[in-house]
Protein chains: 2
Amino acid sequence: MADTARRPENRYGNRPTMKDVAARAGVGLKTVSRVVNAEPGVTPETERRVQEAIDALGFRRNDSARVLRKGSTASIGLVLEDLADPFYGPLSRAVEEIARAHGALLINGSSAEDPDREQELVLALCARRVDGLVIIPAGNDHRYLEPELKAGVATVFVDRPAGRIDADVVLSDSFGGAHDGVAHLIAHGHRRIGFIGDMPRIHTSAERLRGYRAAMEDAGIPVEDAWMSLGVTDPERVRRAAEDMLTAPSPVTAIFAGNNRVTVTVVRVLNEQRRPVALVGFDDFELADLLRPGVTVVAQDAAQLGRTAAERLFRQLDGTLLTPERIELPTRLITRGSGELPPAD
Amino acid sequence: MADTARRPENRYGNRPTMKDVAARAGVGLKTVSRVVNAEPGVTPETERRVQEAIDALGFRRNDSARVLRKGSTASIGLVLEDLADPFYGPLSRAVEEIARAHGALLINGSSAEDPDREQELVLALCARRVDGLVIIPAGNDHRYLEPELKAGVATVFVDRPAGRIDADVVLSDSFGGAHDGVAHLIAHGHRRIGFIGDMPRIHTSAERLRGYRAAMEDAGIPVEDAWMSLGVTDPERVRRAAEDMLTAPSPVTAIFAGNNRVTVTVVRVLNEQRRPVALVGFDDFELADLLRPGVTVVAQDAAQLGRTAAERLFRQLDGTLLTPERIELPTRLITRGSGELPPAD
DNA sequence: CCTGCATCTGACAACGTTGTCCAGGCTCTA
DNA sequence: TAGAGCCTGGACAACGTTGTCAGATGCAGG
């Protein structure tokens, strides 16, 4: 009875250590270490005895101790905005595959678009001594990373540049993509074009807005304030923003949506309109081709972003490095119908 | 010149330790530890000096050493099938939120539906001494986890039960959901109903197939082999399977799709058919309501699965537990049009 | 039988942190 | 002013592993 009530008192609930294995196999500690790490210089007979003890006890090497001794964790960290956002799934997966190919484990976390939380997460990863970091930044100031960079933690930013420090960054050509998308609408006869995007403090949003403005200016079309809605992300407010610009004194005949979440909401709103309104969205999304009309988008390749970033990270770690660089991947306009609707004046 | 060429020779590229901080601040090692951990018993003046040294050197505590000493890593592992699958995004995110609320970090990896890779990943996580594991199993035999369970690693399986060991599992009612979905089609007049699903060795697939058969049997409808397609996941083969059952000697008038990836492909195929074919899919997906017709689905709440599993995990860790249990969450039929089409005979 | 060499094995220190325990200095009271 | 008690700070061991190095063993050759 006293026995059943007894709980393991050690940490890890009494996990066996190499010492235990050594005792059971009747060999020295270091010999166990040799077997576990497949180092040479162990008789087959000895190895067998050790292996037997390992299996019998269910021993697993404690990597914390190993890391402490060796100095490298063979793991990298990924900090992104929201794991639930479909844009980040393929990106994350691509980074994981590259990491795996290099024998590293991926640890990831979401910043929930909160700069403080991003910093907290990054520092937690650094405390665990990850070998490198892939960061989709939420904040604008990454000077807190200076000691880490100096200490040799490989770092690559993705999707948005680092703030106030000099570091690698891999991103899509937001300016060019937005410019192309808006120019596409203009080419189809639109002149009153709305823009709905996220906060301009986010680099990609600012760039896309800039692309919108540039395309309009190139065509000599003055932009009205009522056509632009910034800092809007939650569906309710996107909906209102879209409705507002559709009923403004000079209503828009087309909308450019700054990211996939905005696009989806705008599609819902346009579905309820009597007259057709053209739409081009930034970011592709699944099923965009199945909607009626299909949604024309400016697509960026999330997986490619992840792959490029991860590869660059490991090249930093190889020492094949490399002054910080900015790598911009092109976007691709995919026409599916919604962006080719003529203006319904 | 010799100076610029010099690279840090220590591991971690010369990261400062508490000893360095202590030396710089002119205090003892343990005092630094106290400051870092906000332990009481340090004069404000001393604390200030220590803090200054920490900032100046860019010191970050080495968590490996801490873990080694303390025995708890404050981290949990999540092993899922594919991060890029939209079903797992919200699940993963939910687990992360709960972990965060408990002050734990989430480490996750994809098994790519490969049992060996699952085991490899799980053991890597165990070597890092995660406190607990949330596993979406790919394999059917988890006896390799016995030592871990014995050692007190909290473990919860999600979406599919563990194989050959006794462990907590949280899953959706696949049988009931499929039964409801198929019964719904029958209630709308269908008798020739097709089923396309994944390999029956996957528990959820087998259960959904069982639900389909049961619903048909309840209605007294004999099932023809040509109406069933199992072990089919990639789009190309799903497409062919769907086309085959639509052109069989006794062609189906409705299809039940076993998971969201299948559903999406089937939608594409049905879009190309001249006559309307009814469709109910297992798993909800974004934009299902925007398609024409909207896609009727049996929805499971991925986030809720994740939350439930994570909460249970931490209850195991609290010691508030708990013999292994099987928790089945109900599904919900969401009618949107595609499942209510009458048979076009 | 001893020497030299190669092969296998184990003792020991170190990695950076935290828990334990004790020393020294201070304040307060009698 | 002495003694008690409190507060602050530091010395030291321990966590589980790996690298270093030296000891033990076996064997061949003199």
Side-chain angles (χ1 to χ4, degrees), chain A residues 8-51 53-54 57-74 124 126-129 151, chain B residues 8-51 53-54 57-74 124 126-129 151:
Chain A
E9 56 284 273
N10 291 24
R11 50 182 122 261
Y12 305 139
N14 268 333
R15 295 214 75 141
T17 70
M18 283 192 179
K19 205 167 144 190
D20 301 324
V21 175
R24 172 155 187 145
V27 301
L29 180 54
K30 180 64 216 217
T31 300
V32 177
S33 170
R34 270 190 272 261
V35 171
V36 170
N37 295 296
E39 285 172 32
V42 181
T43 347
E45 161 60 13
T46 309
E47 174 167 357
R48 196 190 52 73
R49 283 221 315 284
V50 171
Q51 196 56 63
I54 288 178
L57 296 174
F59 166 82
R60 311 267 192 238
R61 179 176 61 196
N62 184 330
D63 272 358
S64 294
R66 170 168 230 256
V67 161
L68 179 58
R69 190 65 236 259
K70 305 205 65 155
S72 158
T73 56
C126 288
R128 271 157 215 256
R129 295 294 187 270
Chain B
E9 54 284 273
N10 291 23
R11 49 181 123 265
Y12 304 139
N14 268 332
R15 296 213 75 140
T17 71
M18 283 193 179
K19 205 166 143 192
D20 302 324
V21 175
R24 173 157 185 142
V27 302
L29 181 55
K30 181 65 218 220
T31 300
V32 176
S33 171
R34 270 191 272 263
V35 172
V36 170
N37 295 296
E39 285 171 32
V42 181
T43 348
E45 162 58 12
T46 308
E47 174 167 357
R48 195 190 50 73
R49 281 219 317 283
V50 171
Q51 195 57 59
I54 289 179
L57 296 174
F59 165 82
R60 310 269 192 238
R61 178 175 63 195
N62 184 330
D63 271 357
S64 294
R66 170 168 230 254
V67 161
L68 179 58
R69 186 66 233 259
K70 304 205 67 155
S72 157
T73 56
C126 288
R128 273 160 213 253
R129 295 294 187 269

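Straight-line distance from the CZ atom of B/Arg15 to the P atom of C/dT17: 10 Å, rounded to whole Å. Note: CE (A/Met18) to C1' (C/dC12) measures 16 Å, nearest angstrom. As a whole-Å value, the separation of B/Arg66 CZ from C/dC15 C1' is 17 Å. Here the C1' atom of nucleotide C/dT20 and the NZ atom of B/Lys70 are 14 Å apart, to the nearest Å.
Shown here are the side-chain contact (heavy atoms from CB on, under 4.5 Å) partners of B/Arg49, two or more places apart in sequence or in another chain: B/Val27, B/Glu45. Partners of B/Arg24 by side-chain contact (heavy atoms from CB on, under 4.5 Å), not counting sequence neighbours, listed by chain and number: B/Ala53, B/Ala56, B/Leu57. Residues that satisfy the side-chain contact (heavy atoms from CB on, under 4.5 Å) test with A/Arg34, not counting sequence neighbours, are A/Lys30, A/Thr31, A/Glu39, A/Val42.
For A/Thr31, a side-chain nitrogen or oxygen approaches OP1 or OP2 of C/dG10 to under 4.0 Å. Residue A/Arg61 places at least one side-chain N or O closer than 4.0 Å to OP1 or OP2 of D/dT18. Taking side-chain N and O atoms only, B/Lys19 has no distance below 4.0 Å to OP1 or OP2 of C/dC15. Considering only side-chain N and O atoms, A/Ser33 lies under 4.0 angstrom from the phosphate OP1 or OP2 of D/dT18. Side-chain nitrogen and oxygen atoms of B/Arg69 include none within less than 4.0 Å of the OP1 or OP2 phosphate oxygen of D/dA14.
The listed nucleotides are D/dC15, D/dG10, D/dG19; the one nearest the side chain of B/Leu68 is D/dC15.
Separating the CG atom in B/Asp20 from the CD1 atom in B/Ile54 is a distance of 11.5 Å, to the nearest 0.5 Å.
For the pair B/Arg15 and B/Asn62, the minimum side-chain heavy-atom distance is 4.5 Å or more. Counting heavy atoms from C-beta on, the side chains of A/Asn37 and A/Arg66 come closer than 4.5 Å. Counting heavy atoms from C-beta outward, A/Arg128 and A/Thr73 have side chains that stay 4.5 Å or more apart.
Taking a 4.0 Å limit (strictly below) on heavy-atom distances, residues 34-51 of chain B reaches DNA chain C at B/Asn37, B/Glu39. A heavy atom lying under 4.0 Å from DNA chain D marks the following residues of residues 21-30 of chain A, by number: A/Leu29, A/Lys30.
Residues A/Val36 and A/Phe59 come closest through the heavy atom pair CG2-CE2, 3.9 Å. Smallest separation of non-hydrogen atoms from A/Leu29 and A/Lys19: CD1-N, 3.6 Å. The shortest heavy-atom contact between A/Ser64 and B/Val67 is OG-CG1, 3.1 Å.
Helix bend of the helix from C/dC1-D/dG30 to C/dA30-D/dT1: the angle between its two end axes, each built from five pairs, comes to 60° after rounding to 10°.
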Please produce a list of atom pairs where a protein N or O lies less than 3.5 Å from an N or O of nucleotides 4-6 of chain C.
none

